[in-house]
Amino acid sequence: MVSALALARAGVPVTLFERKKYPFHKVCGEYVSNEVRPYLASLGVEIDALGPAHINNFLLSAPSGNTLREPLDLGGFGISRYTLDYYLAQQARQAGAIIREGTAVQELQYQENKFCLKLATGEAHFTDLVIGSYGKRTNLDRHLQRPFFRQPSPYIGVKYHLRYHQPKDLICLHNFKDGYAGISAIEDDKYCFCYLTTRANLKASGTISQMEASILSQNPHLKKIFREAEFLYPQPEVINEISFASKTCIENHTLFCGDAAGLITPLCGNGMAMAIHAAKIASNCILEYLTGRLNQEQLEKKYTQLWQQEFSRRLQTGRLVQRLFGRPILTEMVLHTFKQFPAGVRFLMKKTHGKPF
Ligand SMILES: Cc1cc2nc3c(=O)[nH]c(=O)nc-3n(C[C@H](O)[C@H](O)[C@H](O)COP(=O)(O)OP(=O)(O)OC[C@H]3O[C@@H](n4cnc5c(N)ncnc54)[C@H](O)[C@@H]3O)c2cc1C
């Protein structure tokens with residue numbers, strides 16, 4: 001969506017296909033790192049007009065309830081995807097992008113320097129360039145035979161909106177056996193409560209509510225949330241098939257952006273910032289191509305180089321951090337170590353975040 005907005009602002013004819021209809025809820029912790037602010041502002045995106053929460057403190061708890069609290073270097077803002085994605089869609093449309101909602105892309109073919117997108121409506125859409133920003137795993141990955149698709153995707157994500165009492169400037173990450181949950185404020189005095197766990201955890205418990213009662217609630221902070229919060233959805237939003245396997249950022253001449261190019265573990269809280277940063281890199285490379293400064297081969301090479309330079313390390317560190325959490329004894333040890341050496345937390349935060357862009 002950010003690529004569509006950036007390219008439309010630069011006068012490029014652009015069509016965005018979205019299989020759902022805005023506004024809609026998405027499984028996401030809804031914390032966005034402040035590193036995105038300069039670029040979004042340059043595109044005329046007025047985040048503060050949406051009434052986000054301003055977040056600059058972090059609390060980590062182990063399954064036992066032990067905690068560690070640290071200020072966030074750069075901080076971020078809390079805004080629901082329901083509000084943010086809808087607003088971005090309106091901005092992109094006003095800038096001249098064609099947004100085709102409720103239109104899934106089913107196939108993507110490249111022939112004789114042209115792409116042909118086969119749409120669920122039965123139409124074929126022809127175009128010169130494609131940005132693949134369709135998220136972590138879809139039918140298109142199977143169709144393109146992307147290697148990561150065959151790897152196991154053992155995680156599930158669950159999300160709620162709540163009314164709760166927690167300082168609005170605080171994001172909490174509460175660990176439990178084989179998972180972790182984030183809670184932080186968003187707009188309209190609401191909180192986003194979102195967790196990641198394994199499919200095996202759910203299978204062993206039977207249902208989501210049984211898993212929340214028997215496993216998540218062993219952490220006293222999570223128990224308190226389940227006891228005291230007002231849950232605002234009748235049912236949680238749930239997704240499965242989440243994996244953090246490495247991917248490629250170009251395939252079949254398609255420039256992949258965001259989760260389609262690589263998903264950083266949610267506990268880093270940097271996925272949206274990375275997706276927005278990749279959108280900036282892709283849009284700038286495309287503008288160079290369209291003005292004749294790069295040919296197609298150079299475009300693909302430059303995008304790959306810039307993408308890897310910016311994100312490869314962050315994704316690697318994210319995978320490492322993911323291994324530190326979810327196992328109760330290890331999490332306890334990590335928390336204990338970080339309490340003794342708070343510089344370690346700041347170091348990890350720096351390694352999993354970028355600079356303002
Ligand atoms: C549990 C969890 C918590 C997270 N918490 C945070 C957080 O707090 N902060 C953060 O920064 N990041 C977080 N993330 C990561 C963040 O959600 C993603 O990194 C971010 O949404 C990536 O954006 P994207 O545009 O690449 O993909 P998405 O936001 O997934 O958007 C892809 C879009 O493509 C559409 N689509 C898919 N297939 C098709 C198709 N075939 N045709 C047409 N449309 C299609 C989908 O409907 C979707 O709207 C979290 C992720 C998880 C799993």
Side-chain angles (χ1 to χ4, degrees), residues 1-4 15-36 53 55 58 76-82 84-86 88-89 99-108 117-121 125 130-144 153 155-160 171-173 179-186 192-197 236-244 247 249 256-279 282 311 314-315 318 322 352-354:
M1 185 61 80
V2 173
S3 310
T15 305
L16 180 136
F17 296 98
E18 167 54 58
R19 66 181 171 191
K20 296 192 178 170
K21 290 196 173 172
Y22 297 105
F24 58 90
H25 292 291
K26 210 172 245 184
V27 173
C28 180
E30 305 188 326
Y31 165 86
V32 192
S33 163
N34 274 336
E35 69 204 67
V36 305
I55 301 169
F58 170 64
F77 54 91
I79 186 85
S80 69
R81 297 297 296 264
Y82 191 87
L84 178 63
D85 294 9
Y86 180 52
L88 290 174
I99 312 285
R100 295 207 39 198
E101 300 177 48
T103 311
V105 178
Q106 287 187 324
E107 283 181 31
L108 178 58
L117 310 186
K118 297 232 166 101
L119 309 180
T121 54
H125 179 89
V130 169
I131 299 177
S133 56
Y134 49 74
K136 55 196 134 330
R137 187 184 161 99
T138 73
N139 55 326
L140 283 169
D141 294 311
R142 182 190 292 124
H143 169 71
L144 291 169
S153 330
Y155 296 101
I156 62 162
V158 180
K159 173 188 144 172
Y160 302 89
I171 179 162
C172 298
L173 188 70
Y180 45 82
I183 177 165
S184 50
I186 52 169
C192 175
F193 175 56
C194 183
Y195 62 84
L196 185 95
T197 187
E237 289 286 316
V238 183
I239 51 167
N240 56 23
E241 301 274 357
I242 304 172
S243 104
F244 305 106
K247 299 176 181 170
C249 65
F256 288 105
C257 256
D259 288 357
L263 169 62
I264 191 160
T265 99
L267 67 82
C268 301
N270 204 238
M272 281 188 272
M274 284 175 51
I276 293 169
H277 200 162
F311 305 119
R314 241 186 275 184
L315 286 163
Q322 170 81 15
T352 52
H353 285 72

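The chain is numbered in sequence order, starting from 1. Numbering of ligands and ligand atoms starts at 1, following listing order. Basis for what follows: all heavy atoms, side chains included, without hydrogens, waters or symmetry-related copies.
Close N/O approach between Gly29 and ligand 1 is found [any backbone or side-chain N/O within under 3.5 Å]. The shortest N/O to N/O separation between Phe24 and ligand 1 does not fall below 3.5 Å. Considering backbone and side-chain atoms alike, Met272 places an N or O below 3.5 Å from some N or O of ligand 1.
With a 4.0 Å cut-off on non-hydrogen atoms, Arg81 touches ligand 1 through its side chain and not its backbone. Of the heavy atoms in Cys194, only side-chain atoms (C-beta onward) come closer than 4.0 Å to ligand 1. Only side-chain heavy atoms of Lys26 come within less than 4.0 Å of ligand 1; its backbone N, CA, C and O stay farther off. Under 4.0 angstrom from ligand 1, the non-hydrogen atoms of Leu140 all belong to its side chain.
Within the listing of ligand 1, atoms 7 (C), 8 (O) sit less than 4.0 angstrom from a heavy atom of Glu30. Which parts of ligand 1 touch Ser133 is read off a 4.0 Å heavy-atom cut-off, strictly below it: atoms 32 (C), 34 (O). When each atom of ligand 1 is checked for a heavy atom of Thr138 under 4.0 Å away, the hits are 37 (C), 38 (N). Residue Gly135 has at least one heavy-atom neighbour below 4.0 Å for each of these atoms of ligand 1: 27 (O), 30 (O), 32 (C). Atoms of ligand 1 lying under 4.0 Å from at least one heavy atom of Gly258, given by number and element, are 26 (O).
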Please report, to 0.1 Å, the donor-acceptor pairs under 3.5 Å made by any side chain of residues 25-33, with sequence neighbours excluded.
unit_1	atom_1	unit_2	atom_2	d
His25	ND1	Tyr233	OH	3.1
Lys26	NZ	Asp85	OD2	3.3
Glu30	OE1	His161	NE2	2.8
Glu30	OE2	Arg81	N	2.9
Glu30	OE2	Lys159	NZ	2.4
Tyr31	OH	Gly75	O	3.3
Tyr31	OH	Gly76	N	3.3
Ser33	OG	Glu35	N	3.1
Ser33	OG	Glu35	OE1	2.7

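Annotation: side-chain hydrogen bond (donor to acceptor under 3.5 Å, both in side chains) contacts of Asn34 (sequence neighbours excluded): Arg37.
Counting heavy atoms from C-beta outward, Leu196 and Gln322 have side chains that approach closer than 4.5 Å.
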Problem set entry | Derivation and outcome, side-chain contact (heavy atoms from CB on, under 4.5 Å), residues Phe256 and Leu144 | CA-CA 12 Å; Phe256 288 105; Leu144 291 169; 3.9 Å; yes
For this session: Please assess Tyr134 against Arg19 for the test side-chain contact (heavy atoms from CB on, under 4.5 Å), listing each intermediate value before the final yes or no.
Result: CA-CA 9 Å; Tyr134 49 74; Arg19 66 181 171 191; over 6 Å; no
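Within the structure, the closest approach of Asn139 to ligand 1 falls below 4.0 Å when heavy atoms are considered. Every heavy atom of Asp85 sits 4.0 Å or more from the atoms of ligand 1.
Ring geometry for Tyr160 against Tyr195 counts as tilted: the plane angle lies between 30° and 60°, on a 0 to 90° scale.
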